[in-house]
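We count ligands from 1, going down the list as the structure has it; atoms in each ligand are counted the same way.
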Amino acid sequence: MNIKTIAVIGAGIMGTDVALDLASYGYPVILKDLDNEILEKAGEKIKKDFKLFKMMKKELKEVTIDDILAKITFTAGYDGFDAVDMVIENIVEEWEAKKTLYLQLDNVCKTDTIYAVNTSCISITKIGALTANPGNVIGAHFMNPVPLKKIVEVIRGYHTAEETVATMKEFLKTLGKTGVVVNDFPGFVANRVSHLYMNEAAFLVQDGVAGPKEVDMIFTHGFGHKMGPLATADLIGLDTVVKSLEVLYESYQDPKFRCCPLLRKMVDAGLLGKKSGKGFFQY
Ligand code: NAI
């Protein structure tokens, strides 16, 4: 299947950058969120992010922000969904929210529309079971920041058709990305591992073993990681990290995924990381 038109649902950290990336490769995109106020903020974020990515990505040299915005239709409704070949869903990491959305999607999309689920941890099989055509449902765990990352973790749910996997891999190539295909288990590969180390790093700070700067320095300067675990948690958003740990804990019933109380306290205090201006570090 040749993907021509795409709807991106959820215009937060991930959805805005997915829409920007798609538009920069010439795809017409419908970007949907809950209301116009959120969409206005999303438009501003796209403009701000574009400036940064343009400096860092040679493919954007000839592209202007007007080219990008001309490709994106912002909407709080479902206009145009009946014609899209693919939906890339990026709403909050909450099962009830995703469930409500997927139960509606079949009413507004074609029967062969591919549903690409961008989730940190939620089972693709479980989401597929909400739809009439689970063969069309696939995980597409984009990495943050989307325009700069060259891989996407592609997750094959229990019923995902091989044709859907092949279409997704071909489609990602058109964005200059490689799809790494893995099987479905909550957290997949990336977050089953990364959330353990981000959570344990938060415990280190909570227990007074070291400050955030020292914890991260050991990873950046010692292990050669590009970012330390706490800067990574700040980039993702501490609210999303907490929600993902809850999904992992609930799914595996394994105490190793219990969420660090300090992370919860920071979220309660509005310290969400980069998106709120303060988390383990100041932005
Ligand atoms: P976010 O909280 O920044 O944005 C979520 C957006 O979804 C919000 O704008 C919200 O208004 C909107 N939304 C909620 N319910 C909706 C609905 N029913 N219809 C339309 N829009 C709705 O979240 P973020 O960080 O962008 O994450 C989105 C998804 O991507 C989550 O499942 C997350 O686990 C996953 N993810 C996040 C990464 C990150 O670094 N933040 C990385 C990779 C995946």
Side-chain angles (χ1 to χ4, degrees), residues 7-21 29-46 49 74-79 81 87-105 107-109 115-124 126-127 130 138-149 151-155 177 180 182 186-195 198 226-227 229-248 250-251 267 270 272-277 279:
V8 173
I9 309 185
I13 294 185
M14 295 306 285
T16 47
D17 281 355
V18 170
L20 191 169
D21 203 24
V29 184
I30 298 171
L31 179 58
K32 173 181 162 51
D33 207 299
L34 295 173
D35 60 46
N36 288 334
E37 200 183 318
I38 299 174
L39 290 167
E40 265 172 42
K41 282 196 191 132
E44 291 310 312
K45 180 175 179 293
I46 289 173
D49 288 356
F74 294 83
T75 180
Y78 284 106
D79 314 336
F81 273 62
V87 168
I88 303 179
E89 174 271 309
N90 313 261
I91 74 164
V92 280
E93 185 74 357
E94 285 170 19
W95 168 246
E96 287 303 326
K98 298 232 193 236
K99 182 175 164 189
T100 307
L101 177 75
Y102 281 92
L103 288 173
Q104 283 169 19
L105 275 187
N107 300 327
V108 292
C109 294
Y115 298 161
V117 188
N118 188 12
T119 169
S120 297
C121 295
I122 294 174
S123 159
I124 304 307
K126 208 168 152 187
I127 287 179
L130 301 170
I138 189 162
H141 178 220
F142 285 85
M143 306 283 153
N144 181 7
V146 179
L148 303 182
K149 298 288 177 167
I151 70 147
V152 174
E153 191 177 19
V154 172
I155 304 113
K177 300 189 197 298
V180 179
V182 304
F188 327 117
V189 172
N191 286 325
R192 195 164 154 187
V193 176
S194 67
H195 279 62
M198 288 187 280
K226 241 182 176 169
M227 287 174 84
L230 297 171
T232 306
D234 274 358
L235 177 74
I236 294 171
L238 301 189
D239 50 343
T240 302
V241 172
V242 167
K243 282 175 189 148
S244 299
L245 282 163
E246 282 166 355
V247 173
L248 289 166
E250 157 76 20
S251 305
V267 171
L272 306 182
K274 208 172 165 197
K275 65 180 161 188
S276 72

Pick from Ile13, Ile91, Leu101: the one approaching atom 22 (C) of ligand 1 most closely through a non-hydrogen atom: Ile91
Starting from atom 32 (O) of ligand 1, locate the nearest protein heavy atom and write down its residue, its atom name and how far away it is, to 0.1 Å. Glu93 OE1, 2.6 Å
Asp79 and Ile30: side-chain contact (heavy atoms from CB on, under 4.5 Å), yes or no, with the steps? CA-CA 9 Å; Asp79 314 336; Ile30 298 171; over 6 Å; no
To the nearest 0.5 Å, what is the distance between CD1 on Ile124 and OG1 on Thr119? 6.0 Å
Thr119 heavy atoms, cut-off 4.0 Å: which ligand 1 atoms fall inside? 32 (O)
Out of Asp33, Ile38, Thr100, indicate the one that has the non-hydrogen atom closest to atom 8 (C) of ligand 1. Asp33
Nearest non-hydrogen protein atom, atom 26 (O) of ligand 1: Met14 N, 2.8 Å
So the atoms of ligand 1 within less than 4.0 Å of a heavy atom of Ile236 turn out to be 39 (C), 40 (O), 41 (N)
Stepwise, does the side-chain contact (heavy atoms from CB on, under 4.5 Å) test hold for Leu20 with Asp17? CA-CA 5 Å; Leu20 191 169; Asp17 281 355; 4.3 Å; yes
The closest protein heavy-atom partner of atom 43 (C) of ligand 1 is Phe142 O, 3.2 Å
Quick check on Lys274: does its NZ atom have over 12 non-hydrogen neighbours (other residues, nucleotides or ligands) under 6.0 Å away? no
Backbone, side chain, both or neither: what part of Lys243 comes under 4.0 angstrom of ligand 1, heavy atoms only? neither
Run the side-chain contact (heavy atoms from CB on, under 4.5 Å) check on Tyr78 and Leu105 step by step: do they pass? CA-CA 9 Å; Tyr78 284 106; Leu105 275 187; 4.1 Å; yes
Value for CG (Leu130) from OG1 (Thr100), rounded to nearest 0.5 Å, stands at 9.0 Å
Starting from atom 19 (N) of ligand 1, locate the nearest protein heavy atom and write down its residue, its atom name and how far away it is, to 0.1 Å. Leu34 CD2, 3.7 Å
Is Lys149 positioned over the aromatic face of Phe142, cation under 6.0 angstrom from the ring centre and no more than 45 degrees off axis? no
Glu250 atom CD: more than 12 heavy-atom contacts under 6.0 Å: no
Heavy atom of the protein closest to atom 30 (O) of ligand 1 (residue, atom name, distance): Asn118 O, 3.3 Å
Reported CD1-to-OG distance for the pair Ile236 and Ser244, which is rounded to 0.5 angstrom: 7.5 Å
Closer than 4.0 angstrom: is that true for some heavy atom of Lys98 and an atom of ligand 1? yes
Considering non-hydrogen atoms of the protein only, which is the closest contact for atom 28 (C) of ligand 1, and what is the distance? Asn90 O, 3.1 Å
Measuring from Leu248:CG to Ile122:CD1, what's the distance to the nearest 0.5 Å? 10.0 Å
Where ligand 1 meets Gly10 - atom numbers and elements under 4.0 angstrom, heavy-atom basis: 7 (O), 21 (N)
Do you know which two heavy atoms are closest between Ile13 and Lys275, and how far apart they sit? CD1-CD, 3.8 Å
Checking a contact table here: which protein heavy atom is nearest atom 34 (O) of ligand 1, and how many Å away? Ser120 OG, 2.5 Å
Could you tell me, atom by atom, which parts of ligand 1 come under 4.0 Å of a heavy atom of Asn144? 39 (C), 40 (O)
Ligand 1 to His141, heavy atom cutoff 4.0 Å, flagged ligand atoms 43 (C), 44 (C)
Out of all atoms in ligand 1, which are within 4.0 Å of some heavy atom of Ile9? Include the element for each. 19 (N), 20 (C)
Quick note on ligand 1: atoms under 4.0 Å from a heavy atom of Gly12 include exactly 3 (O), 4 (O), 6 (C), 9 (O), 26 (O)
Ligand-residue contact atoms, ligand 1 with Thr240, heavy atoms, under 4.0 Å: 25 (O), 33 (C), 34 (O)
Could you go step by step and tell me if Met143 and Glu153 meet the side-chain contact (heavy atoms from CB on, under 4.5 Å) rule? CA-CA 8 Å; Met143 306 283 153; Glu153 191 177 19; 4.0 Å; yes
